[in-house]
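For reference, the structure I am asking about is given below.
Order of the sequence lines fixes the chain letters, A, B, ..., with proteins taken first and strands second; residue numbering starts at 1 for each chain. Computed over heavy atoms, backbone and side chain alike; hydrogens, waters and symmetry mates excluded.
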Amino acid sequence: MSQSNSTIIEKKSNPLTKSFEPQAFESSTYQFWSESGCFDSSDTNAPGQQSFCIVIPPPNVTGVLHMGHALTNTIQDTLVRWRRMSGDNTLWLPGTDHAGIATQTQVEKAIAKEGKGPTGRPLTRHDLGREKFLERTWKWKDEHAGEITNQLKRLGSSLDWKRERFTMDEGCSAAVREVFVRLYEEKLIYRGERIINWCCRCQTALSDLEVIPTDRKGYFWHLRYKIVEKDGTPVKNPDGGAAELVIATTRPETLLGDTAVAVHPEDERYTHLHGKYAVLPLLGRIIPVITDSYVEREFGTGALKITPAHDFNDADLGQKHGLPIISVMGKDGKITAEGGPYAGLKFTEAREKVLADLEAQSLLVKKEDHAQKVGLCQRCDSVAEPMISKQWFVKIEPLAKPAVEAVETGKIEFSPKNWEKTYFEWMRNIRDWCISRQLWWGHQIPAWYCVNCEGVTVSRAAPEKCSACGAGASQLKQDEDVLDTWFSSALWPFATLGWPQKTAALQTFYPTSILETGFDIIFFWVARMIMMGIHFMDEVPFKKVYLHAMVRDEKGEKMSKSKGNVIDPLVLINEHGADPLRFTLTAMAGQGRDIKLSVDRVEGYRAFANKIWNATKFFHLQFEEAQGGPQVSGSAVGPIAEPEGGAAAWLQEHRGSLSPTNRWILSRLQQCTTTVEKGFAQFELNESANALYEFVWREVCDWYIEFSKIPLRQGGAAREQSLITLAHVLEQTFRLMHPIMPFVTEELWQSLPWKKPANTPARVRDGKPAVMTLMFQSFPKAQDSWIDIKAEQTVRQLQNIVEAIRNFRGENNISPKVEFPVRYTTSSAAVPGFLADHHAEILALCRIQSLEAASGTSEGQEFQAVIPLSEPQLEFRISLAGLVNVDEEVKRVKKEMERVAADLEFVRAKLSKESFTAKAPPALVDKERAREKELADKLAELSAGLARLAKLSGGQS
RNA sequence: GCGAGCGUAGCUCAGCGGGAGAGCAUCGCCUUCACACGGCGAGGGUCGCAGGUUCAAUCCCUGCCGCUCGCACCA
């Protein structure tokens with residue numbers, strides 16, 4: 001469906017408000033972009049075009065936007081907008097994650113509030129049943145999914161919404177089943193009974209990563225074990241006493257499941273116990289004393305109890321020594337039948353009772369304080385218990401190896417690079433990945449068990465018969481468990497592009513260009529995407545991994561709801577606009593440091609948005625006046641015609657006659673362009689942001705616009721060239737700033753005259769209409785030919801002059817309204833000409849009455865104040881009469897002299913060292929010598945001035 | 001314990017081999033025809049501590065102290 005090329009999609013534009021009011025235009029601007037197809041990517045590149053693709057780290061579908069989202073999406077949007085303007089076929093792919101436990105928990109809470117179950121307890125998902133519960137959860141998802149996506153839109157994210165995905169949509173689900181079946185067939189997925197982490201509250205298995213080791217205050221209980229022979233005969237110590245072993249433990253209740261005690265083989269204290277047995281307190285079980293160098297002799301008593309069913313390290317030791325495994329703690333949080341008299345007790349109750357019984361039998365030696373780590377469930381903060389359970393696992397080593405190589409060989413690069421070390425560390429010591437979860441919300445495991453033969457059938461779709469015994473479908477029951485949410489996330493870069501189908505999008509956009517995310521999910525997500533991507537696509541999923549910092553509150557603490565220190569990005573957007581927030585995050589996104597976000601900073605950048613807003617308004621006032629609107633300065637010449645071929649071409653053509661200040665700002669624009677582009681390309685967005693801030697505020701607004709007021713008032717050709725220069729500079733600046741501040745730049749750009757519609761290469765090829773938008777304007781390229789050293793030097797000198805006079809005024813508290821005459825002397829032949837050329841600029845910016853060469857010595861008496869300058873080389877003279885208190889001026893001169901004298905002393909000290917003059921680069925030595933002379937001259941001039949003042953002061957008093 | 005990062009102005013941060021900068025906050029002058037979300041000026045820092053390399057160190061190296069984050073088998 002192609003439309004005529006002559007059609008242009010335009011935005012309805014409004015006159016600029018008095019000041020920057022983001023609420024007035026942000027949402028309508030987003031809507032315009034969206035409706036005009038500005039976010040669309042094409043399945044295929046236009047000839048010569050490159051693709052650029054980022055897949056969004058999918059936020060939880062029922063989540064709300066927090067500062068971390070705001071940061072990652074601002075960074076991604078900035079990169080994406082930059083590449084789009086640079087001509088790439090750009091896809092930023094949106095989507096959300098079903099977030100198994102998190103979402104299920106939310107729905108369960110909602111149900112619990114709704115009513116009571118048959119037993120009078122709050123309703124649980126079991127009261128509803130799986131089918132009804134999933135129905136509820138889908139409904140919940142449909143109701144809440146819009147929130148996070150709308151919030152992403154509020155941020156300005158240029159996501160291609162037409163390609164939005166969800167980890168549980170049909171395509172992703174098909175990809176999940178495909179991957180599961182293939183890995184199963186390759187024997188990289190297996191089902192086994194192993195020790196896993198179990199959350200008794202969530203009632204599900206967890207992966208290692210989902211368990212957070214947390215410091216807890218605990219105790220060390222020292223327990224006495226009697227030592228016997230295998231047949232139960234007591235063993236005596238060499239000294240004749242009954243042999244025993246004291247073991248320190250933090251978890252006495254687990255002794256119910258002990259199947260050995262261990263000592264270090266070379267621990268001389270315990271040599272006599274080798275090959276003996278211990279009597280398990282309370283239960284009386286006879287268990288072996290084993291030796292293993294794993295035991296730390298210095299820690300505790302140097303003896304260790306082994307509970308293979310409830311401790312990961314004990315499980316390893318148990319396997320190594322062939323120990324039996326006794327599960328005494330159940331998934332329901334209670335002691336199992338194996339626990340004998342303690343069966344049915346909750347773990348905490350069991351501990352109390354075990355301790356009481358030990359105490360009663362005098363088997364408890366002592367109790368001491370001990371800081372320990374307890375594994376807590378990442379989602380619910382309750383204790384996660386290691387236990388033996390039958391679960392599905394991914395055999396990870398064969399997948400990890402190529403994933404490590406991809407980073408080693410540089411096929412994937414991390415930035416900052418030091419994260420590679422973290423990645424390697426984890427990947428080289430990786431354990432098999434437990435992927436089954438005892439939840440309902442998620443991808444149900446595509447495995448069916450045969451009632452008949454207990455065989456397992458793994459299949460992409462519901463099987464018709466048992467793969468083992470051939471029994472019919474009615475004999476097959478699907479595994480009730482679902483997969484770890486991260487299992488589907490691992491497929492995100494290719495599943496979202498249509499895999500396992502061989503789609504054009506997959507061809508065009510895989511591997512994706514950049515992955516941008518937080519370092520906290522390197523293991524959860526990044527590593528797993530790399531493994532799955534390489535395995536199924538034969539190609540890495542992305543070439544670069546950019547890891548941003550953590551956003552914290554202004555005190556450096558992690559933002560969390562419970563601490564109440566959360567800064568809500570939506571509140572900031574409502575109050576100050578998306579652009580100031582984006583600019584703040586970008587400016588602070590330097591690498592290697594946490595981002596401590598302060599609202600002050602956002603307000604500061606809001607002022608920045610307002611600044612460029614008003615600079616644009618200034619342009620309009622001047623431009624409209626030139627077009628014959630209301631005359632402010634009263635020097636109307638004909639209207640400014642639209643420059644043929646655009647402002648850039650016009651400037652190129654009139655280059656020879658451009659004023660120094662116009663040449664200067666065009667030169668500075670190139671420097672700024674270079675820095676901004678470099679920052680984007682090297683993932684140093686803060687460099688880009690800072691360069692823009694400096695350029696716009698310090699150079700364009702503080703100096704250029706002030707200079708330009710003179711030719712603008714002058715009218716005629718001078719006005720024309722300044723207006724065209726200003727229009728060009730603003731227009732180019734909007735382009736440079738647009739990736740970071742999309743809304744305000746679009747709004748201001750729309751207001752400019754002479755704008756042209758633009759299109760992307762793929763849209764041109766597809767015959768789609770051009771759009772009048774900044775989004776499609778080409779990103780500026782720095783042009784060295786516009787760099788003008790001479791103009792930069794000229795302006796530098798003007799700035800020195802203006803600053804010197806302003807300093808005199810400020811230090812003496814002279815009101816800006818008071819204009820005074822200034823004289824100068826110079827020994828340079830060039831200076832009088834320079835001052836004459838820039839007479840108007842100096843008078844205007846210094847707000848002085850006149851600037852003339854001092855004539856003869858009589859004026860030397862009258863114009864007592866002295867302001868020496870070295871670049872340009874001159875000395876200003878100002879009469880103090882009626883202007884300044886002489887004593888105040890004496891103070892100022894003395895202060896200045898002190899400063900100069902200190903500098904001079906330092907330079908002389910440096911030059912007096914032969915080591916310096918001999919070994920430092922000659923150019924530097926010359927520079928210091930020149931500086932010495934400069935400072936000495938300056939000091940002499942100040943000194944002469946002070947002498948004149950002293951005479952005056954003496955005469956007055 | 002191992003690994004990584006950070007310690008620069010009151011606060012938040014840049015700089016990272018030739019005598020330290022910004023924003024906010026503070027003080028003074030100013031409603032000057034783009035902007036008081038503004039302009040001009042000022043004050044404020046032995047750049048965590050101690051050594052070393054260098055003609056020269058906030059910047060490079062080593063050690064220590066402090067904060068943060070990963071990883072780890074200290075029961």
K817(A), nearest nucleotide to its side chain (from rU31(B), rA42(B), rU12(B)): rU31(B)
Polar side-chain atom of S722(A) near backbone of R719(A) as donor-acceptor pair, under 3.5 Å: no
Minimum-distance nucleotide to P816(A) side chain [options: rU32(B), rG18(B), rC69(B)]: rU32(B)
I195(A) CD1 - rC73(B) P separation (whole Å): 12 Å
Position toward the 5' end of RNA chain B (nearest nucleotide), A607(A) or E687(A): E687(A)
ring centroid sep under 5.5 Å plus plane angle under 30, F906(A) with rG19(B): yes
Side chain to side chain, V900(A) and M897(A), heavy atoms closer than 4.5 Å: no
Comparing W426(A) and D314(A) on RNA chain B - which has the more 5′ nearest nucleotide: W426(A)
Flag, side chain of E26(A) to backbone of A578(A), donor-acceptor distance under 3.5 Å: yes
Under 3.5 Å on both distances, the Watson-Crick or G-U partner of rC27(B): rG41(B)
Complementary nucleotide for rG18(B) - Watson-Crick or wobble, under 3.5 Å: rC55(B)
Closest nucleotide among rC37(B), rG3(B), rA75(B) to the F220(A) side chain: rA75(B)
Nearest-angstrom distance, P atom, rA14(B) to rG23(B): 16 Å
